[in-house]
Amino acid sequence: MPQPLHSVLEYIRSSQPWNSIFRHGIPRDRRTRVMAIMSNVFLHLHPVAVRKSGIRLSFTWCMGGLTFFLFLAETISGVLLMFYYRPVPEYAYSDIIGLRAHVTLGLLREIHRWGAHAMIIAIWLHMMRVFLTGSYKPPREFNWGVGVILLVITMLLSFTGYLLPWDQLAIWAITVGSNMGKATPFLGMGGPFSDVLQLPGGVPLVTTRSDAAYLLLAGTSVGENALMRFYVLHCIALPLAAATLIAVHFWRVRKDGGISGPL
Amino acid sequence: MLASLLSLASDAGPSPISHPAIDAFKNFVNAVSVPEISLPLFTIGFVLMMVGYRWWTKPSVATLLLLLFCLFYFGSMLIDPNYRLIIKKPDNVPITMMLLSVGLCLWVAFRQAALNDQRIEKGLPLPDADKDDKVLVWPDLVYTELICLVLATALLVLWSVLLRAPLESPANPAGPPNPSKAPWYFLGLQEMLVYFDPWMAGVILPGLIITGLIATPYIDTNPKGNGYYTVKQRPFALSVWLFGFLILWVVLIVFGTFLRGPNWNFFGPYEYWDPYLQVPLTNINLSDYFWVFALGKPLPASPILREIVGIIFVSAWVLVLPPVLAHTVMRRLYQSMGAVRFYVMAFHLVIMALLPLKMVLRWVFTLKYFVYLPEFNLNL
């Protein structure tokens, strides 16, 4: 390195701001490498040392990490899309067209959509890997359950996002999906025993305007209320739930002994 | 060849290659694609996969299988315009990615399982067992993660630049497309609607998939196969789970996407989706079989009496079959698991088996419902 540049870097590294951010030297030896992981809030999700066989690509396929990466990519691209998109039937479709036609970085919608599909595939493969390596076995039983809930949330995230472009694909796919809600036993109008829940005097509790599908759609069909409901679920409720459970999931990976391996 | 591949990207595409031999091939594939032939074939393939995993995971065999699959899957785009339309539909692109990646991952898993099982048989330790091979996360893991992150970002951006995200005409609440399909990852559930009512296919079965998955670690008491790939040490767990994932989930998604056309009628992969195709509705309820065909009587007026055979059958399937299993073919399993674990497992297992059972009865006896109680919206 040229001498002037070297001395500038030296000056920065010895300055008070630098040392207030990084409380260790450059990670060159064992002590500083351990410090690099332990003193960083993001990196300290990791243990300081792992089994080499545990992080081999042929063992983990990196699918859990890829799912998390895609979650971050979806979050970032999704927040940027929220600046532009309006979740009302009058504008939703034209905003999507606008993203494609004349918005700088409108490619974000492509990234967001394909990333969502990729995330579904990645989380299935992650689950398959964990199953085939028997990694759900003690002591990791609980974390497998957390992972199953995360799988469901991921698919619900994709399902709610499916409606937002407000095209034919969107409303009819959601219609097919939410029709299932109508068939919920006891709670859906079209489901078994829908007339069992009654108030005294024979007043039915479950009607087309109070059943499980109505709860989901805020209406009897997929309309503007459903769009708003799915928008809030997609952008706020489900991502918060996912982020919380991801934190639990990662924490438990460490607490349960790290990545599994032969005993 | 390159020109024809490139022209696939255009909307019109090349004119399909036509030849008597190709037509015969297409007719053959269309004929064996019907669920009553192809699903048993997939199941046979699944059994062969589980039994012959030491053979097909050899790199040479696996490469050949991959080439054959790609030749069939992508080559078919050259010989049939209907097939090309389905594969190229933007919303179906992820399914191609899923099929390829699931296949690749299966190979990686079963290959290592074959090698591990070989070592176990010879009494050798597993390659990584008892090794104190710890490495520091910085730099070994952090850099791997960085490389994965950069590669994934590049691939995602490249994918997004090359292929536009699906977008169809504006929503029209008065004009449902035919067929109306759920998002692709739920199409396995929609395919189940052929055999079950929505309360079963859309609510009960998905619910039991979730509870069954969460219960898995608590009902699988086999301590072996924790942290490494193996088939031999846990054949039952792997067979049940992979049958559920590969056949009842992935294959049914392929059915729902590629082989279900207007009015959810079945079409072979190379068939035109004719919206006016008439399919006779010939399915018959169990109650009709029993009262009308077997006894020659009219259906009784009382709904419970009318459906009594179906009610007894389904109750026996869910309530009697598990204890029978516990004391016959699964006695050892029952003893090693204990009653609670066994019955949780057996309950999920018999409900899961209800789907293939209903399929077979539908194909062989055109059975519509075991229990037909429209009085309570309860059809099974």
Side-chain angles (χ1 to χ4, degrees), chain A residues 27 33 36-37 46 48-53 55 58 61-62 65-66 69 93 96 107 109-111 113-115 117 120-121 125 128 131-137 141 144-145 148 152 155 159 162 165-173 176-177 180 183-185 190-194 260-262, chain B residues 91 94 97-98 101 105 108-109 112 126 128-129 133-138 141 144-145 148-149 152 156-157 159-161 164-173 176-177 180-183 185-186 190 197-199 202-203 210 213-214 216-218 225-229 234 241 245 376-378:
Chain A
R33 283 173 173 175
I37 299 297
H46 304 97
V48 292
V50 287
R51 296 178 58 148
K52 196 168 184 178
S53 55
I55 57 169
S58 60
W61 312 343
C62 205
L66 208 55
F69 159 74
Y93 185 76
I96 299 291
L107 188 69
R109 133 117 169 118
E110 261 71 21
I111 291 177
R113 180 67 175 242
W114 293 131
H117 291 314
I120 297 259
I121 299 170
L125 292 175
M128 186 166 98
F131 186 87
L132 292 179
T133 54
S135 305
Y136 60 83
K137 298 189 175 195
E141 311 100 301
W144 164 268
V148 173
V152 175
M155 293 177 67
F159 183 69
Y162 220 85
W166 206 245
D167 61 342
Q168 281 288 74
L169 198 62
I171 68 160
W172 292 106
V176 170
M180 304 285 184
T184 313
F193 312 118
S194 57
S260 64
Chain B
D91 206 46
M97 311 240 336
M98 176 195 62
S101 51
C105 287
V108 173
Q112 290 176 83
L126 291 167
D128 305 312
D133 59 349
K134 286 211 163 180
V135 290
L136 286 177
V137 165
W138 188 296
L141 180 56
T144 312
E145 285 173 347
C148 281
L149 189 145
L156 190 57
V157 172
W159 184 4
S160 305
V161 170
R164 288 196 148 181
L167 189 66
E168 295 185 354
S169 49
N172 175 9
S180 285
K181 292 192 178 183
Y185 38 85
F186 286 143
Q190 201 177 354
D197 273 15
W199 70 275
V203 184
I210 296 168
L213 283 173
I214 293 178
T216 302
Y218 304 101
N226 187 343
Y228 53 94
Y229 294 99
R234 37 196 296 249
W241 198 88
F245 180 59
F376 309 104
N377 287 331
L378 185 70

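A, B, ... follow the sequence lines: proteins, then strands. Residue 1 opens every chain.
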### Query
With chain A, which of Thr216(B), Val161(B), Thr144(B), Leu167(B) has the greatest number of heavy-atom pairs at distances under 4.5 Å?
Leu167(B)
### Query
Is it the backbone or the side chain of Ile120(A) that comes under 4.5 Å from a heavy atom of chain B, or both, or neither?
side chain
## Note on the structure
Bottom line for Leu169(A): the part with an atom under 4.5 Å from chain B's heavy atoms is both
### Task
Identify which of Arg234(B), Met97(B), Met98(B) forms the greatest number of heavy-atom pairs closer than 4.5 Å to chain A.
Arg234(B)
## Note on the structure
Max heavy-atom pairs within cutoff under 4.5 Å with chain A, candidates Trp241(B), Tyr218(B), Trp199(B), Phe245(B), goes to Trp241(B)
### Query
Any idea how Phe186(B) and Phe159(A) line up, ring-wise: parallel (<30°), tilted (30 to 60°), or perpendicular (>60°)?
perpendicular
### Message
Does any backbone or side-chain atom of Phe193(A) lie under 4.5 Å from a heavy atom of chain B? Answer side chain, backbone, both or neither.
### Response
both
### Proximal component of Ile55(A), with respect to chain B [non-hydrogen, under 4.5 Å]
side chain
### Message
Which one wins on heavy-atom pair count under 4.5 Å against chain A: Ala182(B), Ala109(B), Pro176(B), Gly225(B)?
### Response
Pro176(B)
#### Entry: Heavy-atom pairs under 4.5 Å with chain A, option from Pro198(B), Gly202(B), Ser101(B), Ser169(B) with the top count
Ser169(B)
### Task
Tell me, for Val50(A) versus chain B, whether the close heavy atoms (under 4.5 Å) come from the side chain, the backbone, both or neither.
both
### Query
Which value, rounded to the nearest 0.5 Å, describes the distance between Ile171(A) atom CD1 and Trp166(A) atom CH2?
6.0 Å
### Message
Quick check on the interface: out of Val157(B), Val137(B), Leu213(B), who has the most heavy-atom pairs with chain A under 4.5 Å?
### Response
Val137(B)
